[in-house]
Q: 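Once you've had a glance at the structure underneath, I'll fire off some questions.
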Amino acid sequence: MTRETWATRLGFILAAVGSAVGLGNIWRFPWQTAENGGSAFLVVYLGIVLLVGVPGLLGEFVIGRRAKKSPVGALRDLSGSKTWGVVGAFSVVTGISLLSFYSVVGGWIIRYLLESGAAVVGGSPAYFTNPGQYFGGVSAGVDAALYHLLFLGLTALIVFAGVRKGIELGTKIMMPAVLVLLAGLAAWAATQPNAAAGYAFFLRFDPSVITENFFAILGPAAGQALFTLSLGAGTMITYSSYLDEDRSLPFDGSAIAVLNTSVGVITGLVVFPLLFSQGVNPTETGTGPGALFVGLAGAFSQLPAGTLIATAFFAVVTLAALSSSISMLEIPVAFLVDEYGVSRRRAVTGMTALVAVTGTVCAFNPGIFGFVAGPLVNVLLTAGLAAFLLFVGWVMGREALEEFSAGAGEFSKSLGTPWLFAVGVVLPLFLVFTLLTHFGVDTTIGFWPTVGVAVVASAAAFLGLRQPNSVV
Ligand code: TRP
């Protein structure tokens, strides 16, 4: 059976941008920002996107395009060691964990979309009256579970249709729609009274907040940077495994990162002016996953034509969420197809059934939901990317450099060696360090000892994995 490939280069770029742009930009970002010190968080996060995100993205691309396999097979085949295959298998666990909570949030969004859309013809959406109470009533329980199943079903339908007819075609339609609607909303938000206060809040830069909280926000900021670029779960390995031509990976990777960051910023230019125009202060609306829903819904209810604007907004978010959730489902699906020769149909059906259950657990239990959506995902993505990059630097080595350069321009090629050094040494150390801060190690034993532990742990991880248990 021949493996599917993207029909066009643009198709690949849009699919990857579609994966990157999602609830991470629109919902998780404001929530994490509010929880982790506001503007300081933004600055650290942007720095990590640039210095870790882009080289990391290229690391995943190099693995995928070289191996033309999803993570498990890719790591195993390129190394000749089953142990690395087991490391790759973590991405399947990560993909399922991600989709389990993501689909619940996607369900909330669809609910708000339908609620708003139905009210356009007359009346006003139920969540206008008391946004906080409304969200509390629908965010967990039977309703949340049912909408989660609806969102998951839509995701499954797209993945079911395959790489070209499902993912590529779907994102080719969804991404332009997201960009146009979002730009329209941002332009409209600028006309709202007090929009300037929103811009000031969003773009304000206060260095002292960073210096005081740097290590506390490092972990969450790194987690969010990886999350927004879809790194650490093998999504980008899987997507690049469907590339059949050698085009410039550095170019594509930079384009994807720039587009994703732009969408994040434009979203901020919609959300923050809107909140401030209605006197809602994002740091005061309370933290937690509901912040966006409660704050924005409150703002929409005050606006002229608020129902229409709300419908447009939730439509954008639904499309952005779907183009991301398909990339999560594709990880375990591609694994089953590549490794066990299961048909795409059966792989999608089986995995959807599994996530229907795990997602329902998240839908019923806010405690589990919060744990999966926050710390668990942060840790899995950070550890996952560290492993991928150690692999690129130490197992692939020259081969990685060759793949990095294939199809790249002269300028990009000259960045190959510094890039390999970064992904092989600097970034894994950084990622292991942030992993330790997640567990509070730095506050317990201090900064330099933590760096020491990070060095030893990275070296041990590498040495342990370098010796193949059994070579296939
Ligand atoms: N990046 C997406 C967002 O911001 C979420 C996402 C899709 C993702 N696929 C992923 C995150 C893989 C981590 C890994 O909404």
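Both counts, for ligands and for their atoms, begin at 1 and track the order of listing.
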Q: Looking only at heavy atoms, is any part of Ala20 under 4.0 Å from ligand 1, and if so is it the side chain, the backbone, or both, or is it neither?
A: backbone
Q: So Phe227 and Tyr102, would you call those rings parallel, tilted or perpendicular, with 30° and 60° as cut-offs?
A: tilted
Q: Run the numbers for me: atoms of ligand 1, each under 4.0 Å from some heavy atom of Ser327, listed by number.
A: 7 (C), 9 (N)
Q: Looking only at protein heavy atoms, which one is nearest to atom 2 (C) of ligand 1, and what is the separation?
A: Ser19 O, 3.0 Å
Q: What are the atoms of ligand 1, with element, lying closer than 4.0 Å to any heavy atom of Ser324?
A: 2 (C), 7 (C), 15 (O)
Q: Geometry only, no angles: is Gly24 polar-contacting ligand 1 at N/O separations under 3.5 Å?
A: yes
Q: Just to confirm my output: which protein heavy-atom neighbour is closest to atom 8 (C) of ligand 1, and how far is it?
A: Ser230 OG, 3.5 Å
Q: Does the N or O separation between Ala233 and ligand 1 drop below 3.5 Å for any pair?
A: no
Q: Determine, stepwise, if the pair Lys165 / Glu4 fulfils salt bridge (Lys or Arg N to Asp or Glu O under 4.0 Å).
A: CA-CA 10 Å; Lys165 292 210 185 98; Glu4 263 198 288; over 6 Å; no
Q: Show, in sequence, the C-alpha distance, side-chain angles and deciding distance for Tyr239 and Phe61, and conclude whether the ring-ring contact (aromatic ring centres under 6.0 Å, His included) test is met.
A: CA-CA 8 Å; Tyr239 271 16; Phe61 282 170; 9.3 Å; no
Q: Are there more than 12 heavy atoms of other residues, nucleotides or ligands under 6.0 Å from atom CZ of Phe251?
A: no
Q: Of all the heavy atoms in Tyr102, does at least one lie under 4.0 Å from an atom in ligand 1?
A: yes
Q: Counting both backbone and side chain atoms, is some N or O of Phe227 under 3.5 Å from an N or O of ligand 1?
A: yes
Q: If the cut-off is 4.0 Å to any non-hydrogen atom of Leu23, which atoms of ligand 1 fall inside it?
A: 15 (O)
Q: Pairing donors with acceptors under 3.5 angstrom, does anything connect the side chains of Thr155 and Ser325?
A: yes
Q: Taking non-hydrogen atoms only, is Thr94 closer than 4.0 angstrom to ligand 1 via side chain, backbone, both or neither?
A: neither
Q: Closer than 3.5 angstrom, by distance alone: can the side chain of Glu60 be matched with the main-chain N or O of Ile237 as a donor-acceptor pair?
A: yes
Q: Ignoring hydrogens and angles, state whether a donor on the side chain of Thr235 or Ser19 is under 3.5 Å from an acceptor on the partner side chain.
A: no
Q: Does a side chain donor of either Ser240 or Arg66 reach within less than 3.5 Å of an acceptor in the other side chain?
A: no
Q: Show the atoms of ligand 1 that are less than 4.0 angstrom away from any heavy atom in Leu98.
A: 12 (C), 13 (C), 14 (C)
Q: Report the nearest protein non-hydrogen atom to atom 5 (C) of ligand 1: residue, atom name, distance rounded to 0.1 Å.
A: Met328 CE, 3.6 Å
Q: Between Thr267 and Asn25, does any side-chain donor sit less than 3.5 Å from a side-chain acceptor?
A: no
Q: Give me the residue, atom name and distance of the protein heavy atom closest to atom 12 (C) of ligand 1.
A: Thr235 OG1, 3.4 Å
